[in-house]
Amino acid sequence: MQNIVFGIVTGSTLAVATIGFAMVYRTENFLNIAHAQMMALGGFIGVVLVDSYGWNIFAAGAVTVVSVGALGVVVAAVFFRPVRHLGGTVLLFTSIGVSLMLYAVIIALFSTQARFYPVGFGGRYEIAGVNVLTADLVIVGLAFASIIALQVFLNGTGLGRAVRATASNGELARVRGVPVGRVSNTIWFISSAFGAMAGVMIGVLSSVNAEIGWHHILTVLAAAVLGGLRSISGVIVAGLLLGIVMDVSVLYIPSAYRPVVAFGVLVAVLVLRPEGLLAVQRRKEAAVT
Amino acid sequence: MSEAGEAAAAGSILRVRGLDAGYGGFPVLHGVDLDVSAGEIVAVVGPNGAGKSTLLKTIFRLLPAQAGSVRFDGADLRRTPAHGLAAMGMGYVPQENNTFPDLSVRDNLAVALRGQNPIEIRRKIRAVGEAYPALAGRMGQNASTLSGGERQMLALASAMITSPKFLALDEPTTGLAPSIVRERIDDILRIRDAGTTLLWVIEESPLLCLPHVDRVFVMQAGVLDPPVTSQAVLEDAALHSLFFGVDQAAEQSPD
Amino acid sequence: MTNPVFWVGVLTLALIYGSLAMVLNVESGWGGMWDLGVAGLLASGAYCYIILGIDDPDLGTRFVPGLPMWLAWPLAAAFTGLVALAIALPSLRLRREYFLITTLAFAEIIRQIAVIQADLTRGTTGFSSLDRPFDTLVEPRDYNYVLLGIVAFAALVVYLITRRIGTSAYGRTLRAARDNEALALALGKRVNRMRIKTFVVAGVLIGAIAPLYLFYIRAITPQLFAPGITFTIWTALVIGGIGSIRGGLVGAVVLIVFTEAVGLIEVDPQYINILVSIEPFLVGLLLVLVLRFRPDGLISERNAFGTRAGRRARRVPA
Amino acid sequence: MKRVIALLCLFGLVAAACGGGDDSDEPIKFGFLNGQTGDYGPWGAWALWAAEVAVEELNAAGGVLGRTVELVVEDNGSTPEGAVSGYAELTDVDGIDALGGIESDGMLAVFDTVHEQQLPTICSTCGTTELDTTGGDYVFRIIGSDTDNGIIGAQVARDEGYDNVAMLVELSEGTISPADVFKTVFTEQIGGTITEDVRFDAGRSSYSAEVARAFDSGADAVYISVGFETGVPILNEWKRRGYSDVPLILTTDLLSPDIAAVVGEVEGASAVVAAAAYDTEGNPAWDAYVPRFEAKAGDPPEIGFYDAWQYDQYIILGLAMEKAGTTDGAAVAAAIPQITNPPGVEVFTYASGLAELQAGNEIDYHGTTSNMNLNAVGNLQSPVMAVSAVTDGSWQVRDYVELDPTLEKPSS
């Protein structure tokens, strides 16, 4: 039970980290490796604001999320849009190039030293023998609040509907008059902002250093793929599930094998359900690609 | 602007001149000329891979034109981004992937109404539900759960919801049972009667569809012949077998 | 300019990466199998080679087979082929992104096993002071030239093998199936079997190249086989040109020489974090620029085969 | 703004770099090869600052052999491949006269090459047990072996009376190596029980599950061998989740103020003990080093960051070169034990050592953290271990102990 709580915390951050990645995949049709560097950047900007300038964590988080979101729009315009017509392969490798460049910028600006968020959120509660921290509640609450806010935006606003339409069928969206440039900017903003939020959350839970982008891209990829890449709710479920499986498995297997088990589960799921956990049938698409 | 006046004066709402286009290095269209006058139904027919879908995609700027021009209502479309065409009054129902599969029927309809006030949007969607009772009961369902016929219905309805001046239909009757084809034709005629100009790509069910069109352009290997009457096509045995007797199974993609 | 010995080492590393990139091109460029698990196959070959050669019981490993180098080497290649088969059978049923993540996952599993199974692999300590071919025949200082010769020979052999594959009917079918999924479906089982075969052949070649990498590094730890090495090989292939026979080799030489040349930049130590950021920045920029202005790589597949089968043509929407 | 200026400077430097000549007999070049990026990145800056302090000290005292000393820095990206190519660059391009800075895995990769090229090399951060029985010709280690670190952990556990200990171990060479020794010695020689041995990869978003498994296993104490950046979140968990009544045995990596701050916040936390091979109290070398490092880095030195050893290695190389009277690798390497071991006048700084050497005296350099007496395989001889505890939010040495000679790692 305790480990399920841990898993929910891990899974919430993972879901937040993966949503942005999956959104870009759905609308731009490529695996954006640079997403993880946006997480690292978010983690660093947040820690600098909190640790060096003494900002309140929530204010720092908000500023971080907005500024990294804006940066994502710029990065997309400068690096990804010009090669968009060349297809997913070129975009994927461009994103690796962009990752390296962002990584370099992170080192140049923040150096390679590890940083820690000096925030503890104080309290600890015993609820039915389960150990729960205020920090856990804050993180899970924030993760869910932002996911719900995203859902409200996507389902309840015209721009949100345009985003979903673009994700579902980009060409038709254009035909129906959806302003693709604005929608694309919106997607990049949301994607990078969620990445930054995940970076801050990971920073608060553990630490920030220049390598965290590389460390987390594999898990993000795994959660995205497990969620079926094309469905946002699938990604949320997959993130939570992966978090819970990883944290609960610690109880039953030697923990050294956990990465093996995590990836083993991933391989098994993919082989049994090649389109991800919540896959809708998309045979036609599978045949075309 | 004098050209624009000229086109308008000639009653031509869509005017295509010398259009070349294709995929990557493969040219598909060769110097296509096409005029559609306000209020008429113009059909484009031709065998598989002739370039009919490519023509529509190029007109709607989903494919870049390599040469030539497309004017709508006198305005050169090269200056308009693809998503700006809808606002000019151009509607388009592609042959495939013509709905948003992950969106509900309601949202499919609402996409084109972006920016309008919610009450107006609701009113227009309700109107669609009245016109197409089959959709009315499925407003909350994802489009991917609809049957083929319902999906075509939705595609047509969502293109029409903004009441465009001009509507291009790419094979709206593919794979439908004859009774449903007749329903769709009735819809199309209603649309025409309401004042919308139509460009209709026909490949299946020519006997059912062609009698309702004003003029027919025959397309062959990327070249568009001058228009003839639908009667002429239906009566020309050679054309008839050439275009409509071919094996439908091969119809997959233009390349 | 600088000491030639340095550039001998750089070229050696470049040719090792080049050989790996040429092999990667067979499976990914021609076979369309997006393999992000090269590091895992490389690790399999390297560890198999090392473990079969252990002759010192004091190292504390469970097995001390003590096989001679000439026997351990081909066995390592064969073993890597088997590992490739084990990966290919479940993974090849998956389409691109899923194949990609599955191979990456397998590579990480292999690396973790190398960390955990310390009684076989000596865990994170690994092995050092490795024997190298012909190392008794020359002065240690001159060995770099010998290694360059060996590696150049290996690169030539890999080039000839991959060219043979690429220009054969087999290679043409492989590329055709990659470009035309409908054709691939029509050919059905045969294509799948062909892809498995290609993946295994690539595995054998990677396993055969693995010891060369160890001769260059002179030590082996699981950390060598982190995903970074896979990305480097991919970057080399993309820069050189996916699909072209020599692309991987050219790309690797460009990438490694470029990287090492960037490393020659010296700055005052107080700007160290800027210095260390220069290399990833410029490598990233190189990748971005090549993709923007030569999206088919320095050597495009079109030129390689003199056909119109450009990559852009493949992306025709259906 | 400073960054921008630095970036601008860089362009000039890039242009200037192409002309760099070598083989001139002007400055003596000391190589500094370590992970400025990658997994060791968090330690990189500290190590470099310490190295710079040392080289500045050498030059302030008039250089070595009358020549100025230049520190040539190379980043190995914390990988063996980076170590090999960085080493090649330092030796083949820059023509360094001695090498320092390198970590365990990089050291093992270049070990044979160092011997072939007869390059005096001091390894200031190599805990690896692989060096327990090799080295001494060209490779010297001035830090305690992981074997010693593991044994002292077990010894402390024994002396504190812990019978059941759980372990939290990060999966990296520097952390597994002492943990394995600890486990063997604690179970086989002391007769203790390991209730849980939790091993995990670093770089996770949280360590809650691992911490819970170790601390819920009913252990008397938990032995933690992890890197510093993993240690902070783990101790935060320990504090926040209410495990703070369970005592901890930490390894040297965690002897940092950040960790002390976390521990210090816990009301009445029971003994938190760390063990490491260092002895700084009343040590003139340490006292001289601290303010200079602080001036450079802005923060005082931290034992867990190994900076002091990075400093010592270049002082030793400078003195050995003076002693040898040449930059010849074999001669310098042979001189290293001569200046670090008795007999001789005990010296604590480069300047004083230089003066004694010029006066024709033998010297015995005492480093910032301990004496630097080396044995036949170039390892520190029976280092004195410091057992520290947190008092008032900072680490204070509780007592200095010698390794119990009855506790020895059985050869595997």
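Heavy atoms only: backbone and side chains are in, while hydrogens, waters and symmetry mates are out. Quick caveat: nothing in here was measured; it's all calculated off a predicted structure. Here is how names work: the chains are called A, B, and so on, in the same order as the sequence lines, proteins then strands, and each is numbered from 1.
Between D:A212 and A:F6, the shortest heavy-atom distance links the atoms CB-CE1, 3.4 Å. Closest non-hydrogen pair, D:W49 versus A:Q113, comes out as CH2-OE1, 4.1 Å. Between A:S206 and D:P233, the closest heavy-atom pair is CA-CB, 3.5 Å.
Inspection of non-hydrogen atoms places A:N209, A:E211, A:H215, A:H216 of residues 208-218 of chain A under 4.5 Å from chain D.
When the side-chain hydrogen bond (donor to acceptor under 3.5 Å, both in side chains) test is applied to D:T195, the partners found at least two apart in sequence or on another chain are D:S217.
For A:T112 (side chain) and D:Q36 (main-chain N/O), a donor-acceptor pair under 3.5 Å exists by modelled atom type.
Taken to the nearest 0.5 Å, the CG atom of A:D247 stands 12.5 Å off from the CZ atom of D:R213. Considering CZ of D:F228 and OG of A:S207, their distance stands at 8.0 Å, rounded to 0.5 Å. Taking CG of D:N236 as the reference point, atom CZ of A:F116 lies at 8.5 Å (rounded to 0.5 Å). Atom OG of residue D:S208 and atom CG of residue A:N131 lie 9.5 Å apart, to the nearest 0.5 angstrom.
Options D:S206, D:G242, D:A45, D:G44 differ in how many heavy-atom pairs under 4.5 Å they form with chain A, and the most are formed by D:G242. Your options are A:L251, A:I107, A:T13, and the one with the most heavy-atom pairs under 4.5 Å with chain D is A:L251.
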(request) Check the pair A:D136 / D:R240 against side-chain contact (heavy atoms from CB on, under 4.5 Å), numbers first and verdict last. (result) CA-CA 11 Å; A:D136 297 344; D:R240 294 180 198 161; over 6 Å; no
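For A:A198, no part lies under 4.5 angstrom from a heavy atom of chain D. Neither the backbone nor the side chain of A:M201 comes within contact range of chain D; no heavy atom of the residue lies under 4.5 Å from a heavy atom of that chain. Heavy-atom distances place no part of D:D216 under 4.5 Å from chain A, backbone and side chain included. Contact annotation for A:V204: only backbone heavy atoms (N, CA, C, O) come within less than 4.5 Å of a heavy atom of chain D. Looking at D:W43, neither its backbone nor its side chain comes within 4.5 Å of chain A, counting heavy atoms on both sides. The part of A:N3 that comes within reach of chain D is its side chain, from C-beta onward, which places non-hydrogen atoms under 4.5 angstrom from that chain.
Of the listed residues (A:L14, A:V9, A:T219, A:T10), just one forms a side-chain contact (heavy atoms from CB on, under 4.5 Å) with D:S205, and that residue is A:T10.
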